[in-house]
J.: 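Can you keep this structure in mind? I'll have questions shortly.
Predicted model only: the values in this text are computed from it and were never measured. So that the names make sense, note that chain A is the first sequence line, chain B the second, and so on, each numbered from 1.
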Protein chains: 2
Amino acid sequence: MRNKKKVSIKDIARLSGVSVATVSRVINHNGRFSEETRKRVEAVIEQYHYTTNMAGKSLRESKTNTIGVIVPDITNELFSQIVLELEKFFFEQGFSVLICNTNEETEKEIAYFRILEAKMVAGIVCISGREDLPQSAEEMGIPIVCIDRKPKGKTDVVYVESDHYLGGYIATETLIQKGCEKILILSKQKALSVNTQRMNGYLDALRHYRLPVREELIVPLDDDSSNFQEARDRIFYMVKKRVPFDGVFATNDWRAYGALVALQQNGIAVPQQVKIVGFDGTSVSEYCYPPITTIQQNKKELALQAAQILLRMIQGEPILQKHFVLPVALIERHTT
Amino acid sequence: MRNKKKVSIKDIARLSGVSVATVSRVINHNGRFSEETRKRVEAVIEQYHYTTNMAGKSLRESKTNTIGVIVPDITNELFSQIVLELEKFFFEQGFSVLICNTNEETEKEIAYFRILEAKMVAGIVCISGREDLPQSAEEMGIPIVCIDRKPKGKTDVVYVESDHYLGGYIATETLIQKGCEKILILSKQKALSVNTQRMNGYLDALRHYRLPVREELIVPLDDDSSNFQEARDRIFYMVKKRVPFDGVFATNDWRAYGALVALQQNGIAVPQQVKIVGFDGTSVSEYCYPPITTIQQNKKELALQAAQILLRMIQGEPILQKHFVLPVALIERHTT
DNA sequence: TTGAAAGCGCTAACAA
DNA sequence: TTGTTAGCGCTTTCAA
């Protein structure tokens, strides 16, 4: 079944009575051939369904037309939407996308960087996940753009992110303006910039409205269980412990939904007794009941910005601005 | 910034005082070298962080360790879960995954087949989407496994699918057993085997329970709008037209949810007045309100089966069985 | 156990 | 405008 012997540039050269160099020029529109030659060569290419062997080309040029996309979890809607936009953009630019799902495992991420290097990808988009890029990444000399991941230490890595601080501030402010005074925050413990920025927005909003920061309302989450489960369990526990609160800022939509379910299970009315704001703007916030007020990230723009910058880097342009912040938007629904 | 000159097999050979052939043998565990040589070479490789240049290797071997995955829409949870499992499996086997999002556009799919061929991928997994593989695909001589896509005409293409017929039957039977007599089906018009099999399950269940097949309750969907919207609009219209029905078999979960919302908007109680069953077992069916009874596809198993078969094909094993059907499961929730 | 050398398909420098 | 040729990094055949 294998081994339809493929037609190579040599065959095309022979069949159209020119040299391989000329064929190569025609294929790559490099000039230095006559109109007549072009026609003849292209006809033969057409006739024999010739397609460039990328391995040969890549070997010769020491680079491929492949982009590596590193992502923690492709089944997370936020990420899959970003990946979709990346794929669309790069397809149009003649690049393919290698998907590298790390599952947040450091080892797998490091392995993937090695693989991407060995495969000589043209560039890498690194979405969220842990903060510090593996050592190897920086030494590779492959253009990298990060999304929602501010590389620790290194100042010269390009990254694009939503305005997480403002998002945290607006989320909290919204709750305050709707009358909440004891606002609980569900936040990952891991000190990612994404987390700390949202937290800072929360804290600043409280301060600005002269509300006390209550230690017991800062509920840390760790990494093991799902966002939904963990949030639900934590809120359940808070209710059982009778810790009073009247607002929840959940740092993503699944956590918000977890909080919502825990409250419903305890007969606490949302939004009458407790109000909730989520983050991301994924579909769960829209279709759950009642639909959740959330801070929307502009996934398409995030992807597009990152992709465009990466493309420019690949083309050798110097990138002066290293840090891009995109606005977020409040979507008011029925939990506030 | 570019151009850290990479260390090649030649460098390793020189640095460890052996020939490139020997280094190659050591790297690929091909025997024919002494234990001592092995140690020396491996030490040098380690020291200089050598990694194989895949373009060179691929060119030489006329194949890569990359798998192409063709998928209609990576943001569809059903597909992203399958892709996740494929990636996981192939990563462990030393393959990378190229993601090819076709958006159901024939042209893009054809383009991707060409690209995958030019890139000499080791194999292709083709998920759902249109039925007939492009001509080019079959001629390429690259192993292909389809998921949920029964290639038209061609009998020798390997495919793995859920038992859509049984799913359709069980969905309908469930509605009947809960007392429904006028069961509406929301089904794509496009004659994909997936659609027709579910439809056949529906029809056979009706016949088996001696219920009439009513033409006006077979509601065709076309391709333009989203599953959710289209289903919602259709059901809305049916209600307005006062077509009587007391059960809805929606051929995926988003359609089921669309139906649910349309009914709720018209003040029709679910499940009291109308019952609903969805398909796929994606999260929307779980977290919407009320959660929807659905037929679950085993995405992990689907991916694993396909991946394992493809791997065997890549390794040159003959595949005798071409068609694999995986069981589905009814998940009862609150819409029946 | 080891090495020399050919050649996979391609591009680009150089020559004509 | 066109051709010749070297060489990218690798594996493998053949010879030693």
Side-chain angles (χ1 to χ4, degrees), chain A residues 2-42 44-45 48-66 94 115 117-122, chain B residues 2-42 44-45 48-66 94 115 117-122:
Chain A
R2 306 302 295 275
N3 281 343
K4 286 259 189 179
K5 192 66 181 330
K6 293 247 24 216
V7 5
S8 78
I9 198 171
K10 246 188 225 163
D11 301 319
I12 300 300
R14 187 170 34 76
L15 289 161
S16 44
V18 297
S19 72
V20 290
T22 301
V23 176
S24 174
R25 291 193 198 103
V26 170
I27 291 170
N28 298 295
H29 310 101
N30 268 335
R32 291 177 292 167
F33 49 81
S34 68
E35 182 60 14
E36 195 203 316
T37 305
R38 205 210 75 220
K39 281 201 185 117
R40 191 147 31 94
V41 171
E42 285 182 347
V44 176
I45 286 177
Y48 289 86
H49 300 107
Y50 167 79
T51 48
T52 302
N53 177 318
M54 287 304 172
K57 188 181 175 108
S58 302
L59 175 59
R60 177 58 221 241
E61 300 190 318
S62 293
K63 81 191 268 203
T64 61
N65 56 353
T66 302
I115 291 169
E117 182 178 16
K119 286 186 181 266
M120 300 192 301
V121 294
Chain B
R2 310 300 295 273
N3 282 341
K4 286 259 189 181
K5 193 66 181 333
K6 292 243 28 213
V7 4
S8 78
I9 199 172
K10 246 187 224 165
D11 301 319
I12 300 300
R14 188 170 32 78
L15 289 161
S16 45
V18 298
S19 71
V20 290
T22 301
V23 176
S24 174
R25 291 192 196 103
V26 169
I27 291 170
N28 298 296
H29 310 100
N30 269 335
R32 291 175 292 167
F33 48 83
S34 68
E35 181 61 14
E36 196 202 314
T37 305
R38 205 209 76 223
K39 280 200 185 120
R40 191 145 34 91
V41 171
E42 286 181 346
V44 175
I45 286 177
Y48 290 86
H49 300 107
Y50 167 79
T51 48
T52 302
N53 177 318
M54 287 305 172
K57 188 181 175 111
S58 301
L59 176 59
R60 177 59 222 240
E61 298 190 318
S62 294
K63 82 191 268 207
T64 61
N65 56 353
T66 301
I115 292 170
E117 181 179 17
K119 285 184 181 266
M120 300 191 303
V121 294

J.: Could you tell me how far apart B:N53 (CG) and D:dG9 (C1') are, to the nearest whole angstrom?
T.: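 Distance, rounded to whole Å: 5 Å.
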J.: When the distance from NZ of B:K63 to P of C:dG9 is rounded to whole Å, what number comes out?
T.: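 Answer to the nearest Å: 16 Å.
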J.: Looking at A:V7 and A:Y48, what are the two nearest heavy atoms and their distance?
T.: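 Residues A:V7 and A:Y48, closest heavy atoms: CG1-O, 3.5 Å.
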J.: Can you tell me the distance, in whole Å, between the CG atom of B:D11 and the P atom of D:dC8?
T.: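 Computing the B:D11:CG to D:dC8:P distance gives 10 Å.
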J.: Ignoring hydrogens and geometry beyond distance, is the side chain of A:R32 in donor-acceptor contact with the base of D:dG3 at under 3.5 Å?
T.: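 When only heavy-atom distances are counted, A:R32 does not reach the base of D:dG3 through any donor-acceptor pair under 3.5 Å.
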J.: I'd like to know whether A:K57 forms a side-chain contact (heavy atoms from CB on, under 4.5 Å) with A:I27, so could you lay out the CA-CA distance, the side-chain angles of the two residues, the decisive distance to 0.1 Å, and finally the verdict.
T.: CA-CA 12 Å; A:K57 188 181 175 108; A:I27 291 170; 5.8 Å; no
J.: Could you pick out which residue, A:T51 or B:G17, lies toward the 5' side of DNA chain C when each is mapped onto its nearest nucleotide?
T.: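 It is B:G17 whose nearest nucleotide is closer to the 5' end.
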J.: Any donor and acceptor pair, going by atom type alone, linking the side chain of A:S16 with main-chain N or O of A:V18 inside 3.5 Å?
T.: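 The answer is no, because no donor-acceptor pair under 3.5 Å joins these two groups.
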J.: Without decimals, in angstroms, what is the distance between A:L15 CG and C:dG9 P?
T.: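 Atom CG in A:L15 sits about 14 Å away from atom P in C:dG9.
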J.: Between B:G56 and B:V20, which residue's closest nucleotide on DNA chain C lies nearer the 5′ terminus?
T.: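 The 5'-side residue here is B:V20.
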J.: When the distance from CD1 of B:I12 to C1' of C:dG3 is rounded to whole Å, what number comes out?
T.: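 Computing the B:I12:CD1 to C:dG3:C1' distance gives 18 Å.
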J.: Base, sugar-phosphate, or nothing for A:S8, non-hydrogen atoms under 4.0 angstrom?
T.: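 The residue A:S8 makes sugar-phosphate contact but no base contact.
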J.: Given C:dA5, C:dC10, C:dT2, identify the nucleotide with an atom nearest to the side chain of B:S34.
T.: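 For the B:S34 side chain, the nearest candidate turns out to be C:dT2.
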J.: Once you round it to whole Å, what is the distance between C1' of C:dA13 and CG of A:N28?
T.: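 Rounded to whole Å, this separation is 16 Å.
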J.: Rounded to whole Å, how long is the line connecting atom CG of A:L59 with atom C1' of C:dC8?
T.: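 For the pair A:L59 CG and C:dC8 C1', the rounded distance is 9 Å.
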J.: So does B:T22 get a side-chain nitrogen or oxygen closer than 4.0 Å to the phosphate oxygens (OP1/OP2) of C:dT1?
T.: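 So the side-chain polar atoms of B:T22 never come under 4.0 Å of the phosphate oxygens OP1 or OP2 of C:dT1.
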J.: Regarding A:S58, tell me which of base, sugar-phosphate or nothing describes its non-hydrogen contacts under 4.0 Å with the strands shown.
T.: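 A:S58: no heavy atom of the nucleic acid under 4.0 Å.
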J.: So which heavy atom on B:R38 is nearest to which on B:F33, and how close?
T.: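 Shortest heavy-atom separation between B:R38 and B:F33 comes out as CG-CE1, 3.4 Å.
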J.: Below the 4.0 Å mark, does D:dG7 have OP1 or OP2 next to a side-chain nitrogen or oxygen of B:K10?
T.: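 For D:dG7, neither OP1 nor OP2 has a side-chain N or O of B:K10 closer than 4.0 Å.
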J.: Would you mind reading off the distance between B:R25 atom CZ and D:dT12 atom P, rounded to a whole angstrom?
T.: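 Atom CZ in B:R25 sits about 10 Å away from atom P in D:dT12.
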J.: I want to check one thing: is the phosphate of D:dT2, taken as OP1 and OP2, less than 4.0 Å away from some side-chain N or O of A:T37?
T.: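 It does, given that an N or O in the side chain of A:T37 lies less than 4.0 Å from OP1 or OP2 of D:dT2.
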J.: Taking all non-hydrogen atoms of both residues into account, name the closest pair between B:M120 and B:T64 and its distance.
T.: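 Heavy atoms of B:M120 and B:T64 come nearest at O-OG1, 2.8 Å.
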J.: Side chain of A:T52, heavy atoms from C-beta onward: which of C:dC10, D:dT12, C:dA12 has the nearest atom to it?
T.: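 Between C:dC10, D:dT12, C:dA12, the one nearest the side chain of A:T52 would be C:dC10.
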